[in-house]
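Remember, predicted model here, so these are calculated numbers, not experimental data.
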Amino acid sequence: MAFRRALRRTALLGGGAVVTAFGLSQLLEYRKKQARLAHVAAEADLKIPFSSELPSRQAQLSALKDTEEFDVLIVGGGATGAGCALDAVTRNLKTALVERSDFSSGTSSRSTKLIHGGVRYLQKAIMKLDYEQYMMVKEALHERANLLEIAPHLSAPLPIMLPVYKWWQLPYYWAGIKMYDLVAGIQCLKSSYVLSKSKALELFPMLKKDKLVGAIVYYDGQHNDARMNLAIALTAARHGAAMANYTEVVSLLKRTDPGTGEEKVCGARCRDVLTGEEFDVRAKCVINATGPFTDSLRKMDNQETANICQPSAGVHIVIPGYYSPDNMGLLDPATSDGRVIFFLPWEKMTIAGTTDTPTDVTAHPIPGEEDINFILTEIRNYLSPDVEVRRGDVLAAWSGIRPLVTDPNSKDTQSICRNHVVSVSNSGLVTIAGGKWTTYRSMAEETLDAAVEAHQLKAEPCRTVGLMLEGGRGWTPTLYIRLVQDYGLEVEVAQHLASTYGSRAFDVAKMAHVTGQRWPIVGQRLVSEFPYIESEVSYAIKEYACTVIDVIARRTRLGFLNVQAADEALPRIAQIMAKELNWSEERTKAELEAAQKFLYHEMGYRARDEQLSKTTEINLDYQEVIRYKKRFHKFDKESKGFITTVDVQRVLQSINVHIDENALHEILNEVDLNKNGQVEFDEFLQLMSAVKKGQVSDSRLAILLKSAEETLDQRGPVTVDRSGGGV
């Protein structure tokens, strides 16, 4: 099997003989002209059959079943697969794509959310004189600029600070970062710069002051990865590609070549995961873009083929936004075990990661407690001692599997190059494996070039450079103001809609119901602290959302931001989807259970929940136990040894505080470890011990009881004088 390294050396090198021939200024002008021409070429003469309304999923399935033969069938709906579909359909190829789960349900929604060239890869390229890694960085920087241009609503430049704690490191890191700027050339987002210690602390006040020498700030891009993936897929669908999620490949179809007598792949037997119906999709070329499952599809083609994918797990955590400035990231270039950790603001929260460890391939990766604690430990090393980094502050956690292409004899994954490989099997199956999020477009272009050549397809040149993605055309930074003015949305909600849907935000706003309040006029939130509104659930169905998980994980990002908030939103989301999709009561219940299981296992709810349920040791001193016993007995007036919602409600009423009974039940249920409807004294002590150790934060019961106790103590006993002498 012949592999083709995905390096477009001539187009991306931009040095050497080219510079000598044209001169630097002429070269820069030539590149600018090339970029403008590429943009014009991408937009020219492209027909968009579904510019106003996307075809339904049922219509897409019908197209898959009824089309006699496609030019290209792509298997896999991640960034690379969707990119291949968009590239193919804009070359006027009859295109189909099937994904066994949801678009972006795998690795493409579980990234670090960066659009970057790879600073550490450039360092390795220079230190080891590795030309291939240098070219990979250069290609990624070109793609970074393109992605920021074609999806301005979903992406933006982000300054990232590299703190320096040794004087000799300052010129060393500065030289490396400046080289990063130089490699980017005219596509450099903004020039990097050096900060003094005081200026670094001014911009990043949470940073550890001790031994800090200064800092270097450089720029990369950041995006909403799942929404970006979806935008690519929806753009392909609008251009006429038949795209179907929840459609898995059962087997590959083959025919015998009359000329050679060899078997050739000519399509796939597919199954609708939601209904169980099976059907054939025939195509001149099948492209394998299944990420970590690359080898599974390759073995459908040939059981004897050797594995080319070595999966690596990357865990990320989400902590409150106050851990980082609103618009400044942090890079830890040398962790305790040599891995790189990013600490980034994202969706008004803070995201930290990633780990890099070998793993088994699974469709449902689970974040491990060991990885979560590793990230927290590294964060503590860089933040001020004034900032207590608590385990209980982890609001969500997830694991993504990187589909690294590697030599089977490689000992680890940390030194593996993130480049991609395109291969064509003897039977004609085209495989694209490896790579990184940022270079999805160039990977797709390379793959389609290989497919066109191997199968003699009649196709036009690639047109995806400069091709605007779903919602990008017509978007402006002030678009949200029109949403506020035209529809009466809250500013925060309008900003969210504009940055998530771009120019399509108006379609979401039109579907929003009137609140009946003075303000906002429309837009009922799913949960109070996040700007997601109910009409987004209805719009998600138009975007091919089929399950509740699709909505909380990929159409909105609630599940990735706060598992408890997502759990609270599930019933309402299920109710809206059930009404629009005509779900039975059994189906609705199954959807809720599946979503709760997803949050519990894959989004870190279990790891968060177990911080209390596994806290069997009570680490409190004698004085603390006495203090908490006194607090507990203010509610347990009858000395029963436990408190119930009735006990809490009685005390709250005495201080004129009113809480809904259902909400109060939920508050107690968080601490009721044996689920018997009451909170025993030892359970309360376990809670307070967990709060003290930072394993649990923002406990509603702990804060409620403390607040009530303080109010009662301030009132004190009523004196005889104040009651009129008892007369």
Side-chain angles (χ1 to χ4, degrees), residues 42-43 45-51 54-100 103-104 150 229-249 252-253 265-270 279-290 297 422 424 428-432 440-465 467-470 543-544:
E43 300 293 339
D45 301 325
L46 276 178
K47 295 178 181 179
I48 307 178
F50 304 105
S51 58
L54 281 164
S56 66
R57 179 175 179 272
Q58 195 55 50
Q60 296 283 37
L61 287 171
S62 296
L64 290 174
K65 298 171 191 174
D66 299 340
T67 302
E68 184 177 343
E69 185 181 48
F70 289 95
D71 292 318
V72 175
L73 168 63
I74 297 137
V75 184
T80 306
C84 286
L86 182 57
D87 190 298
V89 75
T90 52
R91 295 192 193 206
N92 285 335
L93 293 172
K94 195 176 291 184
T95 305
L97 179 146
V98 293
E99 160 61 46
R100 73 175 181 179
F103 303 117
S104 191
I150 64 177
N229 191 157
L230 188 63
I232 301 165
L234 295 179
T235 307
R238 288 197 184 278
H239 281 84
M243 314 277 288
N245 55 353
Y246 293 98
T247 306
E248 69 174 340
V249 170
L252 294 174
L253 303 178
V265 173
C266 63
R269 180 73 174 174
C270 298
F279 54 91
D280 291 339
V281 180
R282 299 197 173 273
K284 296 172 185 175
C285 170
V286 176
I287 294 176
N288 174 10
T290 54
L297 197 68
V422 177
V424 182
L429 177 67
V430 179
T431 295
I432 168 67
Y440 84 91
R441 192 213 62 81
S442 60
M443 290 161 60
E445 180 180 351
E446 182 79 14
T447 304
L448 264 296
D449 286 345
V452 168
E453 181 182 341
H455 293 274
Q456 289 83 51
L457 302 176
K458 294 180 181 179
E460 296 182 8
C462 176
R463 285 178 162 179
T464 52
V465 174
L467 180 65
M468 299 299 287
L469 297 182
E470 176 87 352
E543 293 182 323
Y544 305 124

*List the atom of Phe70, the atom of Ala63, and the distance in Å for their closest heavy-atom pair.*
CZ-O, 3.7 Å
*asked:* So which atom in Leu253 and which in Arg269 form the shortest heavy-atom distance, rounded to 0.1 Å?
replied: CG-N, 3.9 Å
*So how far is it from Gln60 CD to Gln58 CD, rounded to the nearest 0.5 Å?*
10.5 Å
*Below 4.5 Å, heavy atoms only, C-beta onward: do Val286 and His455 meet side chain to side chain?*
no
*Answer whether the closest heavy-atom distance between the side chains of Arg238 and Leu54 falls below 4.5 Å.*
yes
*Can you tell me how far the NE2 atom of His239 sits from the NZ atom of Lys47, to the nearest 0.5 Å?*
12.5 Å
*Is there a side-chain contact between Val72 and Val430 (heavy atoms, below 4.5 Å)?*
no
_CA sep, side-chain torsions, deciding dist, call: Leu429, Thr431, side-chain contact (heavy atoms from CB on, under 4.5 Å)_ = CA-CA 6 Å; Leu429 177 67; Thr431 295; 4.2 Å; yes
_Between CE on residue Met243 and CG on residue Leu234, distance to nearest 0.5 Å_ = 8.0 Å
_What's the separation between atom CG in Asp87 and atom CD1 in Ile232, rounded to the nearest 0.5 Å?_
11.5 Å
*Compare all side-chain heavy atoms of Asp449 with those of Glu445 and state whether any distance is below 4.5 angstrom.*
yes
*Any idea which heavy atoms bring Pro461 and Arg91 closest together, and the distance?*
O-CG, 3.8 Å
*asked:* So, taking the atom named CE in Met468 and the one named CD1 in Ile150, what distance separates them when rounded to the nearest 0.5 Å?
replied: 8.0 Å
*Using the side-chain contact (heavy atoms from CB on, under 4.5 Å) rule, take Phe103 and Leu97 through it: C-alpha gap first, then chi angles, then the decisive distance, then the call.*
CA-CA 10 Å; Phe103 303 117; Leu97 179 146; 3.8 Å; yes
_Any side-chain to backbone donor/acceptor pair from Arg57 onto Asn245? Under 3.5 Å, distance only._
yes
*Between Lys284 and Asp71, which heavy-atom pair has the shortest distance, and what is it?*
NZ-OD1, 3.2 Å
*Scan side-chain atoms only and decide if Arg463 and Thr90 contain a donor-acceptor pair under the 3.5 Å cut-off.*
no
_Side chain to side chain, Thr464 and Tyr440, heavy atoms closer than 4.5 Å_ = no
*Hey, is the main chain of Asn288 close enough, under 3.5 Å, to the side chain of Thr290 for a donor-acceptor pair?*
no
*Report yes if the side chains of Cys266 and Glu69 come closer than 4.5 Å at any heavy-atom pair, otherwise no.*
no
*Out of curiosity, Leu230 CG to Glu543 CD, how far, rounded to the nearest 0.5 Å?*
5.0 Å
*Verify side-chain contact (heavy atoms from CB on, under 4.5 Å) between Leu467 and Leu46, making sure each step is shown before the conclusion.*
CA-CA 10 Å; Leu467 180 65; Leu46 276 178; 3.8 Å; yes
*Could you tell me which non-hydrogen atom of Pro55 sits nearest to which non-hydrogen atom of Tyr544, and how far apart they are?*
O-OH, 2.6 Å
_Is any side-chain heavy atom of Thr247 closer than 4.5 Å to one of Phe279?_
yes
*Side chain proximity check, Ile287 to Leu448, heavy atoms < 4.5 angstrom*: yes
*Could you tell me which non-hydrogen atom of Ala451 sits nearest to which non-hydrogen atom of Cys285, and how far apart they are?*
CB-SG, 3.7 Å
